[in-house]
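Report on one structure; see the data block that follows.
In this text, all values refer to a predicted model and were calculated from it rather than measured experimentally.
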Amino acid sequence: MAVTIKSEREIELMRESCRLLAIVHKELEESIRPGMTTKEIDEKGEKLIHQLGGIPNFKNYNGYPASICVSVNDEVVHGIPTKKRVLQEGDIVSLDAGLIYKGYHSDAARTHGVGQISPEARKLIDVTRESFFAGVKMAKAGNRLFDISNAIDAYIKPYGFGIVRDLVGHGIGTHLHEDPQIPNFAQKRRGFKLEAGMTFAVEPMVTLGGWEVEWLDDDWTVVTADGSLAAHYENTILITDGEPEILTLY
C-alpha cells in the first residue's frame, strides 16, 4: 500500500480544489426543493463545476454517467440522476460530488432534507454528520488510521443505526481513489501511523436499519437491503502536525 504524502504545492492545489467543491455543495443545497428532478441537480452541479474552472471527476469515472451522485431515501450512494426521479416533500437526498483542479481531486457528500422531513430522518442526517467530526478528531499525525474508524463507530453505536460496511472512505490526491481504505466501522487492528501531508476522504454512510446493502441492476446505485433510509456525509481532510484541516467545508 502506497499512501502519498503531499508537498506544500500539492496541498495548496488540493485546498483550492476543495474550496471550489464547497461552493458547489452550498449552491446545490440552496437550490433543493420539492418538484426538482435529480437530473436538474446534476445539470446545475456540472455547470457550476465548469464555471468555477474545475472538471467533474465523477463523470465517466469507470463509466458513471453523471457529475453529481444523487441518492434519494433508501439509496445510500451512486444514485444516477434522471428526469423521471422527482424530489418529494419529506424525501432525504444525498449529494456526492467532486472535481479536479489543476490535476488534484476533491470529494465531499452531504445529505439534505427536502422540505419538511420526519424527526427520524433529521436524526439520521445529524448523527451521520456528527460521526464524521467524531472520527476526524482522531485524524492527527501520530495517531493510527483505524482510530478514525473506531471513533466513527463508537459515536453511531448508541443510536442503534446501521453502519454500511461494503463502502468505505479513501485516500485522495492526483487520483480520486488512492490508498488507504478507511472503514466507518470498528476494526480489530489499529492500522498504520498517520503523517502530516496525507489527504483522505472520510465518509460515514449510515442507515435507519441494518448495515447490509444491495446494488441495483444499473450496477451503480447502492440501496439499503431492508429499504430503510440512508444518509452520507463526507469531506476531504488533510493530516497536519496539529488539528486536521477539513478542506471541503464552506
Qualifying residue for ring-ring contact (aromatic ring centres under 6.0 Å, His included) with W220, from Y64, F58, W215, Y61 = Y64

Taking the side chain as C-beta and beyond, is there a heavy-atom pair between S106 and L99 under 4.5 Å?
-> yes

Report yes or no: does Q187 contribute a side-chain atom to a donor-acceptor pair with the main-chain N or O of P183 at less than 3.5 Å?
-> no

Could you check if a side-chain atom of N235 sits within less than 4.5 angstrom of a side-chain atom of L249, using non-hydrogen atoms only?
-> yes

Residue pair I182, V168: steps toward the side-chain contact (heavy atoms from CB on, under 4.5 Å) verdict = CA-CA 5 Å; I182 309 167; V168 296; 5.6 Å; no

Measure across R190 and R144 and return the closest heavy-atom pair with its distance rounded to 0.1 Å.
-> O-CB, 3.0 Å

Short N-O contact, E29 and R110, less than 4.0 angstrom = no

Between I92 and V72, is a side-chain contact (heavy atoms from CB on, under 4.5 Å) present by the stated rule, with each step listed?
-> CA-CA 6 Å; I92 66 172; V72 184; over 6 Å; no

Report yes if some heavy atom in the side chain of Y250 is under 4.5 Å from a heavy atom in the side chain of V24; otherwise report no.
-> no

Look at the side chain of N57 and the backbone N and O of I100, then say whether any donor-acceptor pair between them is shorter than 3.5 Å.
-> no

Does the side chain of L247 reach to within under 4.5 Å of the side chain of E245, using non-hydrogen atoms?
-> yes

Less than 4.5 Å apart, any side-chain heavy atom of I239 and any of F200?
-> yes

V77, I125: one ILVMFWY side-chain cluster at the under-4.5 Å cut-off?
-> no

May I ask you to decide if K123's main-chain N or O and D126's side chain share a donor-acceptor pair within less than 3.5 Å?
-> no

Should F133 and Y233 be marked as a side-chain contact (heavy atoms from CB on, under 4.5 Å) after you check the CA-CA gap, both sets of side-chain angles, and the distance that decides it?
-> CA-CA 10 Å; F133 289 99; Y233 188 83; 3.7 Å; yes

Salt bridge or not for K102 and E16, using N-O below 4.0 Å?
-> no

Sequence neighbours left out, what passes side chain to side chain donor-acceptor pair (under 3.5 Å) with S67? Give chain and number order.
-> E46

Worked verdict on F161 versus T207 for side-chain contact (heavy atoms from CB on, under 4.5 Å) = CA-CA 6 Å; F161 295 158; T207 79; 5.7 Å; no

Where do T224 and E212 land on the side chain to side chain donor-acceptor pair (under 3.5 Å) test, with the steps shown first?
-> CA-CA 6 Å; T224 56; E212 297 87 350; over 6 Å; no

Hey, does the side chain of D179 reach the backbone of V3 with a donor-acceptor pair shorter than 3.5 angstrom?
-> no

Rounding to 0.5 Å, atoms NE2 (H232) and CG (L167) come to a distance of 8.5 Å

With a 4.5 Å heavy-atom cut-off, do T82 and K39 have their side chains touching?
-> no

If every non-hydrogen atom of K193 is compared with every non-hydrogen atom of G142, which pair is closest and at what distance?
-> CG-O, 3.6 Å

M198 reachable from L13 in the ILVMFWY side-chain graph, under 4.5 Å edges = no

Do R15 and E12 meet the salt-bridge criterion of a basic N to acidic O distance under 4.0 Å?
-> yes

With rounding to the nearest 0.5 Å, note down the distance linking CD in E195 to CD1 in I5.
-> 4.0 Å

Kindly assign one of parallel, tilted or perpendicular to the pair Y159 and Y155, based on the angle between their ring planes and the thresholds 30° and 60°.
-> tilted

Identify the heavy atoms of V93 and I32 that sit nearest to each other, and give their distance.
-> CG1-CD1, 3.9 Å

Give the intermediate values and the outcome of side chain to side chain donor-acceptor pair (under 3.5 Å) for residues K83 and T37.
-> CA-CA 6 Å; K83 287 176 179 168; T37 69; over 6 Å; no

Test item: T236 and M14 side chains (from C-beta on) under 4.5 Å apart, heavy atoms | yes

When rounded to the nearest 0.5 Å, the distance separating CZ of F132 from CD1 of I148 is 9.0 Å

Below 4.5 Å, heavy atoms only, C-beta onward: do E10 and S7 meet side chain to side chain?
-> yes

Rounded to the nearest 0.5 Å, what's the gap from CG on D107 to OG1 on T248? Could you check?
-> 8.0 Å

Main-chain N/O of G209 paired to S228 side chain as donor or acceptor, under 3.5 Å | yes

Cation-pi, F185 ring and R165 (6.0 angstrom, 45 degrees) = yes

Verify the cluster assignment for I68 and I23: are they in a single hydrophobic cluster under the rule of side-chain heavy atoms below 4.5 Å apart?
-> yes

Matching residue for V222 among V213, D74, L216 - test: side chain to side chain contact (heavy atoms under 4.5 Å, CB included) = V213

Checking side chain to side chain contact (heavy atoms under 4.5 Å, CB included) against E75, which of T38, L229, T221 comes through?
-> T221

Chi angles and distances behind the side chain to side chain donor-acceptor pair (under 3.5 Å) call for S71, S94 = CA-CA 5 Å; S71 308; S94 298; 5.7 Å; no

Looking at A108 and L21, what are the two nearest heavy atoms and their distance?
-> N-CD2, 3.5 Å

Heavy-atom closest contact (D96 atom, E203 atom, distance) | OD2-OE1, 4.4 Å

Does any N or O in the side chain of D91 come within less than 3.5 Å of the main-chain N or O of L87, such that one atom is a donor and the other an acceptor?
-> no

Shortest non-hydrogen contact between I11 and G197, atoms and distance | CD1-CA, 4.3 Å

Roughly how far apart are S131 OG and M205 CE, rounded to 0.5 Å?
-> 10.0 Å

Taking a hydrophobic cluster as the set of Ile, Leu, Val, Met, Phe, Trp and Tyr residues connected by side-chain heavy atoms closer than 4.5 Å, whether directly or through intermediates, do V70 and L176 fall within one such cluster?
-> yes

Give the cluster check for I80 versus M36: same hydrophobic cluster or not, with ILVMFWY residues linked at side-chain heavy-atom distances below 4.5 Å.
-> yes

Out of curiosity, T240 OG1 to L238 CG, how far, rounded to the nearest 0.5 Å?
-> 6.5 Å

Between H105, H175, H177, which is the residue that forms a ring-ring contact (aromatic ring centres under 6.0 Å, His included) with H170?
-> H177

